[in-house]
Amino acid sequence: KITASVGEVNQTYDFVVVGGGTAGLVIANRLTEEDFTVLVLEAGGDHSQDMNITIPFFCQNAAPFTEYDWNYTTVPQNNLENRELVYPRGFLLGGSSSINYMAYTRASKEDWDLFETETGDGGWSWDAIQKYIFRNEKLTPPADHRNVRGEINPAIHGHHGVNKDSLPGFIDSFDTMVIQVSNELPEIFPYNSDPNGPVNLGLGWDLGTMFNGSRSSSATSYLAPQFASRQNLDVLIGARVTKILPSPNSTDQRPNFSVVEFLHNGDDLSVQTVTASKEIILSAGSINTPVILLHSGIGDTSELLAMNITPIVNASSVGKNLTDHPIVGNTWLVNSTETYERFTRNATKLAELVEEWNNSRTGPLVDTVVNQLAWLRLPDIDPAEDPSAGPDSAHFELLFANGVILTAPPAEGNFMGISAALVTPTSRGTVTINSTNPLDPPLINPNFLDTKFDKNAMRSAVLAARNFAAAPVFSDYIISSTTNSTTDAEIDAYIQSMAESVFHPVSTAKMSPADAEYGVVDPDLKVKGVTGLRIVDASVLPHIPAAHPQAVVYIFAERGSDLIKESW
Ligand SMILES: Cc1cc2nc3c(=O)[nH]c(=O)nc-3n(C[C@H](O)[C@H](O)[C@H](O)COP(=O)(O)OP(=O)(O)OC[C@H]3O[C@@H](n4cnc5c(N)ncnc54)[C@H](O)[C@@H]3O)c2cc1C
């Protein structure tokens, strides 16, 4: 059951899952297929039916600074004019899968094979994870039910998994123009008829975690009513975990974690505890998983002592290695009245489209704000300095939008957007705590564009967006660019003033080989130096994949569930 009442949950479960997000709900679902009892503690609420969550185009309304968001910001970014960037994280059942932009991208074979190399575990290789792709994915027709031949290769997709995805379901002339560039400039922007295959390079359609024009999140899929009603599953919403504790009879050498402390909305916020008789699974995401570890005394000993927190395990990698994708928006004024501005600037028209969506699940709101993606490599990269997973993997990504997105459009004009994201950043940042009060927001520093490589690669990505816009198909369409930066210095200044996060933080509790001194979890996702504790969420990824990470997180959680089951 899903409940908002502490009185309805027990004192002890086999497994307690901290965080009912993308990964946490996969774990809860798979473990309750067996005889195990499972409690999920989720800080946020249940908003799966809210229109800002269900309507794909309204993904822009779900965050930042809403009731669905943890409402975090970064510390001032040294290389971005000291700006503090918005840093949304889902604060609701489904976690960030309930507020994200739904792109389903698996990452290349090389990225997965690098996970194997980094962990020494062949179970994380591309070939080994195929079965988990199929357990997770259920490919469905687009909302417009068109023939999608040539836009996707159904043979490489799951058709019987739990989480639904589909291609965009409202196609217009802008989509045709974007794809036309692959005919006009095939050397630079080759067409890829399915970027979810082993090689993701090229321009292709953006598959999304949506079904019949609505969002499919881990809440609507893995916690669908037939799963939520299982007798052995309890999901407590409004339950904010503050720390985890070793069991009272645990030995000091290898503490056994079994107690979870939390505060519950509506219960005057007094501290509650619950016990996991088998394991605690931390699935609070790349920001809050390290925060909970640090408050629990699992972190760098000297840093914990400096905070007056009693160290229990010296785990110096906790909160380190934060890696994220920076993105820069590029916008052009265009000669069209068919862009998003036709309804984003017109409340009456928008209301009509909401009604259309309500009545028939058709119209432009069935899609997110991006229908195509291009995954591209830097030309002439020195192999010795190449941070990508291999020659078949991208360094940067272009995202195409039929208008201004993420902010209100200017009062006049129609626009086209090509955002450029760096997907192999070499900068590393940190997540740390600022006080011993677990309710205080953490210090989040993605440390964007801190390396020369990242600065140069970001500039190349912006130039590639401009090359794309210079394709013949746009010659009568584009009126002018909204920026006049041309020299390297001007483009760099533009980037510094514009760059934001794509909201893909990973690696803050990263996985490493079982015998490695660095890293937080072993290849079975067990926290090193303790028993009874695993982490399953984006924080364990050994490196940032050149992909939007939710599909990777789902796959990690599917395999993670198998690893947990095998232990018991
Ligand atoms: C705005 C946005 C857009 C994105 N767009 C895309 C995209 O298009 N495609 C893509 O692949 N990826 C996208 N991502 C990234 C992707 O959604 C995440 O990488 C992924 O969902 C992370 O999964 P997770 O399980 O690690 O964490 P989450 O899904 O964030 O789950 C963590 C859960 O733990 C809960 N929690 C945290 N702390 C506590 C606590 N102390 N007590 C109790 N519960 C707690 C949270 O409320 C949340 O429900 C986007 C992310 C955002 C925020």
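These numbers come from the heavy atoms of this one structure, side chains and all, not from hydrogens, waters or symmetry mates. When a ligand or atom number is given, it counts from 1 through the structure's own listing order. For this chain, numbers begin at 1 and follow the sequence in order.
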Ligand 1 atoms in contact with R240 (distance to a heavy atom under 4.0 Å): 42 (N)

Donor-acceptor side-chain pairing of S427 and N447 below 3.5 angstrom: no

Where S48 and T220 come nearest, the two heavy atoms and their spacing: CB-CG2, 4.3 Å

Ligand 1 to V241 polar contact by distance, N or O atoms, under 3.5 Å: yes

W70 touching ligand 1 at heavy-atom level, < 4.0 angstrom: yes

Donor-acceptor pair between E137 and H157 side chains, under 3.5 angstrom: yes

Subset of ligand 1 atoms that lie under 4.0 Å from at least one heavy atom of M102: 7 (C), 8 (O)

Modelled atom types, side-chain donor and acceptor of E397 and H548, under 3.5 Å: yes

Enumerated ligand 1 atoms positioned under 4.0 Å from heavy atoms of G285: 26 (O), 27 (O), 32 (C)

Y87 and T73, any side-chain heavy atoms less than 4.5 Å apart: no

Enumerated ligand 1 atoms positioned under 4.0 Å from heavy atoms of A538: 26 (O)

Nearest non-hydrogen protein atom, atom 10 (C) of ligand 1: H548 CB, 3.2 Å

S97 to Q550 - nearest heavy-atom pair and separation: CB-OE1, 4.1 Å

Ligand-residue contact atoms, ligand 1 with V553, heavy atoms, under 4.0 Å: 23 (O), 25 (O)

Contact with ligand 1 for P88, non-hydrogen, under 4.0 angstrom: yes

Side-chain donor-acceptor contact under 3.5 Å, N200 with R106: no

Validation row, ring centre F400 to ring centre F174 under 6.0 Å: no

Atoms in ligand 1 flagged as close to A239, the criterion being non-hydrogen separation under 4.0 Å: 42 (N), 43 (C)

Element-labelled atoms of ligand 1 that are located less than 4.0 Å from some non-hydrogen atom of I99: 1 (C), 53 (C)

S216 and N163 side chains, donor-acceptor separation under 3.5 Å: yes

Heavy-atom nearest option to atom 15 (C) of ligand 1, drawn from F91, F503, Y101: F503

S283, portion touching ligand 1 at heavy-atom distance under 4.0 Å: backbone

Residue, atom name and distance, where the atom is the protein heavy atom closest to atom 8 (O) of ligand 1: A103 N, 2.9 Å

Sub-4.0 Å heavy-atom approach of A63 to ligand 1: no

Protein contact to atom 49 (O) of ligand 1 [nearest heavy atom, distance to 0.1 Å]: E42 OE1, 2.6 Å

Side chain, backbone, both or neither: the part of L93 lying under 4.0 Å from ligand 1 by heavy atom: neither

L92 heavy atom under 4.0 Å from ligand 1: yes

Nearest neighbour in protein (non-hydrogen) for atom 29 (O) of ligand 1: T22 OG1, 2.5 Å

Sidechain-backbone polar pair: D324 side chain, V506 backbone, donor-acceptor under 3.5 Å: no

Heavy atom of the protein closest to atom 31 (O) of ligand 1 (residue, atom name, distance): G21 CA, 3.3 Å

Ion pair E279/K526, N-O distance below 4.0 Å: no

Note: R89-D69 ion pair, threshold 4.0 Å (strictly below): no

Distance from atom 50 (C) of ligand 1 to nearest protein heavy atom, with residue and atom: N100 CB, 3.3 Å

Identified side chain to side chain contact (heavy atoms under 4.5 Å, CB included) counterpart of F15 within the set L31, I280, L39: L31

Nitrogen or oxygen atoms of S286 and ligand 1 under 3.5 Å apart: no

Distance from atom 25 (O) of ligand 1 to nearest protein heavy atom, with residue and atom: A23 N, 3.0 Å

Distance-only side-chain donor-acceptor flag, R230 / T32, under 3.5 Å: yes

Atom 18 (C) of ligand 1: the protein heavy-atom neighbour that sits closest, reported with distance to 0.1 Å: S96 CB, 4.1 Å

Residue selection (non-hydrogen contact nearest atom 37 (C) of ligand 1) among L541, I535, N288: N288

Numbered atoms of ligand 1 (with element) below 4.0 Å of G95, judged on heavy atoms: 29 (O), 31 (O), 48 (C), 49 (O)

From G90, G19, A557 - option closest to atom 48 (C) of ligand 1 by heavy atom: G90

Donor-acceptor pair between N52 and N61 side chains, under 3.5 angstrom: yes

Plane angle bin for H543 and F115 - parallel if under 30°, tilted between 30 and 60°, otherwise perpendicular: tilted

Any N/O pair A43/ligand 1 closer than 3.5 Å: yes

